[in-house]
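Computed over heavy atoms, backbone and side chain alike; hydrogens, waters and symmetry mates excluded. Not measured: the values here are computed from a predicted model.
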Amino acid sequence: MERKPLIAGNWKMNLGLNESVSLINAIADNISHFPEVDVLVAPPFTALTTVKHAIGNSNIFLSGQNMHWEMSGAFTGEISAGMLQETGCTHIILGHSERRTLFKETSEVIDLKVKAAVALGLIPILCIGETLEQREAGQTYEVIENQLAGSLKSFRVDKGLPSSTVLAYEPVWAIGTGLTATPEQAQEVHYFIRQWIENNFDSELARQIRILYGGSVKPDNVKELMSEADIDGALVGGASLKSNSFVQLIRFQEM
Ligand code: PGA
(Lines give C-alpha, C1' and ligand atoms only; values in the text may rest on other atoms or scores of the structure.)
Protein backbone atom coordinates (compact mmCIF):
# COMPACT_ATOMS: atom_id res chain seq x y z
CA MET A 1 0.00 0.00 0.00
CA GLU A 2 1.37 3.39 -1.04
CA ARG A 3 1.42 6.09 1.61
CA LYS A 4 -0.99 8.82 0.54
CA PRO A 5 0.61 12.29 0.62
CA LEU A 6 -0.68 14.65 3.31
CA ILE A 7 -0.38 18.43 2.97
CA ALA A 8 -1.16 20.04 6.32
CA GLY A 9 -1.50 23.76 7.05
CA ASN A 10 -0.61 24.94 10.54
CA TRP A 11 -2.15 28.39 10.79
CA LYS A 12 -0.57 29.05 14.20
CA MET A 13 -1.98 32.27 15.78
CA ASN A 14 -3.12 33.75 12.47
CA LEU A 15 -6.32 34.60 10.52
CA GLY A 16 -9.62 35.95 11.81
CA LEU A 17 -12.97 34.25 11.20
CA ASN A 18 -13.71 35.97 7.88
CA GLU A 19 -10.23 35.31 6.51
CA SER A 20 -10.51 31.69 7.63
CA VAL A 21 -13.76 31.16 5.75
CA SER A 22 -12.40 32.81 2.57
CA LEU A 23 -9.29 30.64 2.71
CA ILE A 24 -11.29 27.43 3.17
CA ASN A 25 -13.63 28.35 0.31
CA ALA A 26 -10.70 29.01 -2.00
CA ILE A 27 -9.00 25.73 -1.04
CA ALA A 28 -12.20 23.71 -1.37
CA ASP A 29 -12.91 25.17 -4.84
CA ASN A 30 -9.49 24.13 -6.03
CA ILE A 31 -9.23 20.62 -4.64
CA SER A 32 -12.66 19.20 -5.35
CA HIS A 33 -11.24 16.87 -8.01
CA PHE A 34 -8.04 16.07 -6.21
CA PRO A 35 -8.43 12.84 -4.29
CA GLU A 36 -4.75 11.74 -4.52
CA VAL A 37 -3.67 14.00 -1.66
CA ASP A 38 -5.01 14.36 1.89
CA VAL A 39 -5.46 17.99 2.93
CA LEU A 40 -5.61 19.25 6.51
CA VAL A 41 -5.86 22.63 8.22
CA ALA A 42 -5.10 23.48 11.85
CA PRO A 43 -6.75 26.84 12.70
CA PRO A 44 -6.67 28.52 16.12
CA PHE A 45 -9.18 27.07 18.62
CA THR A 46 -11.58 29.99 18.27
CA ALA A 47 -12.01 29.38 14.52
CA LEU A 48 -12.51 25.60 14.62
CA THR A 49 -16.30 25.57 14.59
CA THR A 50 -16.52 28.24 11.89
CA VAL A 51 -13.90 26.46 9.77
CA LYS A 52 -15.66 23.12 10.19
CA HIS A 53 -18.85 24.72 8.93
CA ALA A 54 -17.00 26.26 5.96
CA ILE A 55 -15.42 22.88 5.13
CA GLY A 56 -18.88 21.34 4.76
CA ASN A 57 -18.64 18.24 2.59
CA SER A 58 -15.23 18.96 1.07
CA ASN A 59 -12.33 16.66 1.82
CA ILE A 60 -10.37 18.79 4.25
CA PHE A 61 -9.37 17.35 7.62
CA LEU A 62 -9.56 19.60 10.66
CA SER A 63 -6.88 19.64 13.37
CA GLY A 64 -6.14 21.36 16.66
CA GLN A 65 -2.69 22.84 17.29
CA ASN A 66 -2.36 21.70 20.90
CA MET A 67 -4.44 20.22 23.74
CA HIS A 68 -4.30 19.19 27.39
CA TRP A 69 -3.89 15.52 28.31
CA GLU A 70 -6.71 15.42 30.88
CA MET A 71 -10.28 15.01 29.67
CA SER A 72 -11.71 17.81 31.84
CA GLY A 73 -11.10 19.65 35.08
CA ALA A 74 -9.57 22.73 36.66
CA PHE A 75 -7.06 23.64 33.95
CA THR A 76 -7.72 27.29 33.18
CA GLY A 77 -7.02 28.19 29.58
CA GLU A 78 -6.75 24.61 28.35
CA ILE A 79 -8.71 22.52 25.83
CA SER A 80 -9.23 18.74 25.93
CA ALA A 81 -9.19 16.10 23.19
CA GLY A 82 -12.95 15.60 23.62
CA MET A 83 -13.62 19.31 23.12
CA LEU A 84 -11.57 19.27 19.92
CA GLN A 85 -13.51 16.27 18.68
CA GLU A 86 -16.77 18.06 19.35
CA THR A 87 -15.72 20.81 16.95
CA GLY A 88 -15.04 18.22 14.23
CA CYS A 89 -11.29 17.75 14.64
CA THR A 90 -9.88 14.42 13.53
CA HIS A 91 -6.22 15.33 14.11
CA ILE A 92 -4.09 17.13 16.67
CA ILE A 93 -0.62 18.66 16.25
CA LEU A 94 1.49 17.78 19.29
CA GLY A 95 5.00 18.74 20.33
CA HIS A 96 5.49 21.52 17.79
CA SER A 97 8.87 23.16 18.40
CA GLU A 98 7.13 26.41 19.34
CA ARG A 99 5.33 24.50 22.12
CA ARG A 100 8.56 22.81 23.17
CA THR A 101 10.66 25.98 23.27
CA LEU A 102 8.30 28.90 24.00
CA PHE A 103 5.96 26.98 26.31
CA LYS A 104 8.52 24.60 27.81
CA GLU A 105 6.69 21.41 26.84
CA THR A 106 8.79 18.36 27.54
CA SER A 107 8.65 15.02 25.77
CA GLU A 108 7.11 13.56 28.96
CA VAL A 109 4.17 15.94 28.69
CA ILE A 110 3.89 15.33 24.95
CA ASP A 111 3.75 11.58 25.61
CA LEU A 112 0.75 12.15 27.92
CA LYS A 113 -0.93 14.18 25.20
CA VAL A 114 -0.29 11.62 22.46
CA LYS A 115 -1.72 8.93 24.73
CA ALA A 116 -4.84 10.97 25.54
CA ALA A 117 -5.40 11.80 21.87
CA VAL A 118 -5.10 8.18 20.74
CA ALA A 119 -7.38 7.01 23.56
CA LEU A 120 -10.17 9.17 22.08
CA GLY A 121 -9.38 8.38 18.46
CA LEU A 122 -7.81 11.73 17.56
CA ILE A 123 -4.89 11.23 15.18
CA PRO A 124 -1.69 12.78 16.53
CA ILE A 125 0.71 14.71 14.30
CA LEU A 126 3.81 14.44 16.46
CA CYS A 127 6.53 17.00 15.68
CA ILE A 128 10.23 16.48 16.27
CA GLY A 129 13.32 18.35 15.14
CA GLU A 130 16.74 19.68 16.09
CA THR A 131 17.96 23.25 16.55
CA LEU A 132 20.77 24.77 14.50
CA GLU A 133 23.21 24.45 17.42
CA GLN A 134 22.32 20.78 17.81
CA ARG A 135 22.79 20.15 14.08
CA GLU A 136 26.12 21.95 14.03
CA ALA A 137 27.26 19.99 17.09
CA GLY A 138 26.47 16.74 15.24
CA GLN A 139 23.63 15.87 17.63
CA THR A 140 20.75 15.67 15.13
CA TYR A 141 20.11 11.93 15.39
CA GLU A 142 20.56 11.86 19.15
CA VAL A 143 18.01 14.68 19.56
CA ILE A 144 15.52 13.04 17.20
CA GLU A 145 15.90 9.70 18.94
CA ASN A 146 15.42 11.24 22.40
CA GLN A 147 12.33 13.16 21.26
CA LEU A 148 10.80 10.06 19.68
CA ALA A 149 11.62 7.83 22.64
CA GLY A 150 10.27 10.37 25.15
CA SER A 151 7.18 11.48 23.24
CA LEU A 152 6.11 7.88 22.45
CA LYS A 153 7.18 6.36 25.75
CA SER A 154 3.75 4.99 26.70
CA PHE A 155 3.42 3.24 23.37
CA ARG A 156 6.82 1.60 23.60
CA VAL A 157 5.58 -0.06 26.77
CA ASP A 158 1.95 -0.73 25.87
CA LYS A 159 2.32 -0.83 22.05
CA GLY A 160 -0.86 0.06 20.15
CA LEU A 161 0.46 3.11 18.29
CA PRO A 162 -2.06 3.44 15.43
CA SER A 163 -0.66 3.34 11.91
CA SER A 164 -2.68 6.48 11.16
CA THR A 165 -0.30 8.42 13.45
CA VAL A 166 1.62 11.12 11.59
CA LEU A 167 5.16 12.19 12.43
CA ALA A 168 6.52 15.57 11.33
CA TYR A 169 10.23 16.24 11.05
CA GLU A 170 10.68 19.97 11.44
CA PRO A 171 14.26 21.19 11.83
CA VAL A 172 13.82 24.19 14.13
CA TRP A 173 16.35 26.22 12.10
CA ALA A 174 14.12 25.91 9.03
CA ILE A 175 10.82 27.01 10.61
CA GLY A 176 9.72 30.45 9.45
CA THR A 177 13.30 31.36 8.50
CA GLY A 178 13.21 30.79 4.75
CA LEU A 179 15.97 28.21 5.24
CA THR A 180 14.89 24.75 4.10
CA ALA A 181 16.68 21.49 4.69
CA THR A 182 17.85 20.21 1.32
CA PRO A 183 15.79 17.25 0.10
CA GLU A 184 18.81 15.03 0.83
CA GLN A 185 19.21 16.37 4.39
CA ALA A 186 15.50 15.87 5.04
CA GLN A 187 15.45 12.39 3.50
CA GLU A 188 18.37 11.27 5.69
CA VAL A 189 16.48 12.17 8.84
CA HIS A 190 13.17 10.77 7.55
CA TYR A 191 14.91 7.48 6.80
CA PHE A 192 16.40 7.48 10.30
CA ILE A 193 12.94 8.08 11.82
CA ARG A 194 11.39 5.24 9.81
CA GLN A 195 14.21 2.91 10.88
CA TRP A 196 13.67 3.94 14.49
CA ILE A 197 9.97 3.07 14.21
CA GLU A 198 10.89 -0.29 12.69
CA ASN A 199 13.41 -1.04 15.46
CA ASN A 200 11.20 0.11 18.31
CA PHE A 201 7.80 -0.99 16.99
CA ASP A 202 7.58 -3.11 13.85
CA SER A 203 8.23 -3.05 10.14
CA GLU A 204 4.53 -2.90 9.22
CA LEU A 205 4.04 0.28 11.26
CA ALA A 206 7.26 1.72 9.80
CA ARG A 207 5.97 1.03 6.30
CA GLN A 208 2.58 2.63 6.90
CA ILE A 209 3.29 5.64 9.11
CA ARG A 210 3.42 8.98 7.30
CA ILE A 211 6.37 11.27 7.98
CA LEU A 212 5.88 14.91 6.97
CA TYR A 213 8.62 17.46 6.45
CA GLY A 214 8.12 20.97 7.82
CA GLY A 215 10.18 24.15 7.72
CA SER A 216 9.77 26.83 5.03
CA VAL A 217 8.00 24.51 2.59
CA LYS A 218 6.98 26.61 -0.43
CA PRO A 219 5.65 25.98 -3.95
CA ASP A 220 9.19 26.23 -5.32
CA ASN A 221 10.70 23.52 -3.10
CA VAL A 222 7.77 21.16 -2.45
CA LYS A 223 8.16 18.95 -5.50
CA GLU A 224 11.81 18.15 -4.83
CA LEU A 225 11.11 17.39 -1.17
CA MET A 226 8.14 15.20 -2.07
CA SER A 227 10.22 13.20 -4.53
CA GLU A 228 12.24 11.70 -1.66
CA ALA A 229 11.32 8.14 -0.71
CA ASP A 230 10.53 8.75 2.96
CA ILE A 231 8.90 12.19 2.73
CA ASP A 232 5.14 11.65 2.74
CA GLY A 233 3.88 15.20 2.93
CA ALA A 234 4.42 18.62 4.39
CA LEU A 235 3.50 20.51 7.54
CA VAL A 236 3.30 24.09 6.35
CA GLY A 237 3.14 27.34 8.31
CA GLY A 238 3.59 30.56 6.33
CA ALA A 239 2.66 29.20 2.90
CA SER A 240 -0.58 27.70 4.26
CA LEU A 241 -2.06 31.13 5.00
CA LYS A 242 -2.63 32.12 1.37
CA SER A 243 -4.87 30.10 -0.90
CA ASN A 244 -2.66 30.37 -3.99
CA SER A 245 0.47 29.02 -2.30
CA PHE A 246 -1.38 26.36 -0.29
CA VAL A 247 -3.27 25.11 -3.36
CA GLN A 248 0.01 24.93 -5.29
CA LEU A 249 1.45 22.79 -2.49
CA ILE A 250 -1.56 20.47 -2.61
CA ARG A 251 -1.09 20.17 -6.38
CA PHE A 252 2.66 19.54 -6.14
CA GLN A 253 2.38 16.60 -8.52
CA GLU A 254 1.37 18.97 -11.35
CA MET A 255 4.38 21.24 -10.92
P1 PGA B 1 6.88 27.45 8.19
O2 PGA B 1 6.34 26.71 9.53
O3 PGA B 1 6.33 26.70 7.01
O4 PGA B 1 6.37 28.85 8.30
O5 PGA B 1 8.39 27.37 8.24
C6 PGA B 1 6.29 25.32 9.59
C7 PGA B 1 5.73 24.88 10.93
O8 PGA B 1 6.07 25.49 11.95
O9 PGA B 1 4.93 23.92 11.00
Main-chain N/O of [Y] paired to [X] side chain as donor or acceptor, under 3.5 Å:
| X | Y | value |
| --- | --- | --- |
| Thr180 | Thr182 | no |
| Gln134 | Thr131 | yes |
| Gln147 | Gly129 | yes |
| Gln208 | Leu205 | no |
| Asn221 | Val217 | no |
| Asn30 | Ile27 | no |
| Thr165 | Leu161 | no |

Arg100 side chain to Ser107 side chain, donor-acceptor N/O pair below 3.5 angstrom =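 Yes - a donor-acceptor pair under 3.5 Å links their side chains.
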
Which residue pairs pass the salt bridge (charged side-chain N to carboxylate O under 4.0 Å, His left out) test with at least one member in [range], sequence neighbours excluded?
| range | value |
| --- | --- |
| residues 246-255 | Arg251-Glu254 |
| residues 5-20 | Lys12-Glu98 |
| residues 119-142 | Glu130-Arg135 |
| residues 208-221 | Asp38-Arg210 |

For residues 113-122, which side-chain N or O atoms pair as donor and acceptor with protein atoms under 3.5 Å away, sequence neighbours left out?
unit_1: Lys113; atom_1: NZ; unit_2: Asn66; atom_2: OD1; d: 2.8
unit_1: Lys113; atom_1: NZ; unit_2: Met67; atom_2: O; d: 3.0
unit_1: Lys113; atom_1: NZ; unit_2: Glu105; atom_2: OE2; d: 2.9

Kindly check if the number of other-residue, nucleotide or ligand heavy atoms within 6.0 Å of CZ (Phe45) is above 12?
->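 More than 12 heavy atoms, drawn from other residues, nucleotides or ligands, come within 6.0 Å of this atom.
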
Crowded around Asn199 CG? As in, over 12 foreign heavy atoms under 6.0 Å?
->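 Count over threshold, so yes.
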
I'd like to check the side-chain contact (heavy atoms from CB on, under 4.5 Å) partners of [X]; sequence neighbours left out, ordered by chain and number.
| X | value |
| --- | --- |
| Pro219 | Ser245, Gln248, Leu249, Met255 |
| Thr49 | Thr87 |
| Asn59 | none |

Where does the angle between the aromatic ring planes of Tyr169 and His190 fall among parallel (under 30°), tilted (30 to 60°) and perpendicular (over 60°)?
->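 Tyr169 vs His190 ring planes: perpendicular.
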
Taking only residues two or more places apart in sequence or in another chain, which ones pass ring-ring contact (aromatic ring centres under 6.0 Å, His included) with Phe246?
->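 Once residues adjacent in sequence are excluded, Phe246 has no partner under the ring-ring contact (aromatic ring centres under 6.0 Å, His included) criterion.
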
In the hydrophobic clustering that connects Ile, Leu, Val, Met, Phe, Trp and Tyr at side-chain heavy-atom distances below 4.5 Å, which members other than Val247 occupy its cluster, ordered by chain and number?
->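 Under the 4.5 Å side-chain rule, Val247 groups with nothing.
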
Contact check, side chains of Leu48 and Leu62, non-hydrogen atoms, under 4.5 Å |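 The answer is yes, as the side chains (C-beta and beyond) meet within the 4.5 Å cut-off.
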
Table please: side-chain donor-acceptor pairs of residues 225-242 below 3.5 Å, with sequence neighbours left out.
unit_1: Ser227; atom_1: OG; unit_2: Glu224; atom_2: O; d: 2.6
unit_1: Asp230; atom_1: OD1; unit_2: Arg194; atom_2: NE; d: 2.6
unit_1: Asp230; atom_1: OD2; unit_2: Gln187; atom_2: NE2; d: 2.8
unit_1: Asp232; atom_1: OD1; unit_2: Arg3; atom_2: NE; d: 2.9
unit_1: Asp232; atom_1: OD1; unit_2: Arg3; atom_2: NH2; d: 3.4
unit_1: Asp232; atom_1: OD2; unit_2: Arg3; atom_2: NE; d: 3.1
unit_1: Asp232; atom_1: OD2; unit_2: Arg194; atom_2: NH2; d: 2.7
unit_1: Asp232; atom_1: OD2; unit_2: Ile211; atom_2: N; d: 2.8
unit_1: Ser240; atom_1: OG; unit_2: Val236; atom_2: O; d: 3.2
unit_1: Ser240; atom_1: OG; unit_2: Gly237; atom_2: O; d: 2.7

Partners passing salt bridge (Lys or Arg N to Asp or Glu O under 4.0 Å) against Glu184 (at least two apart in sequence or in another chain) |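 Partners of Glu184 under the salt bridge (Lys or Arg N to Asp or Glu O under 4.0 Å) test: none.
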
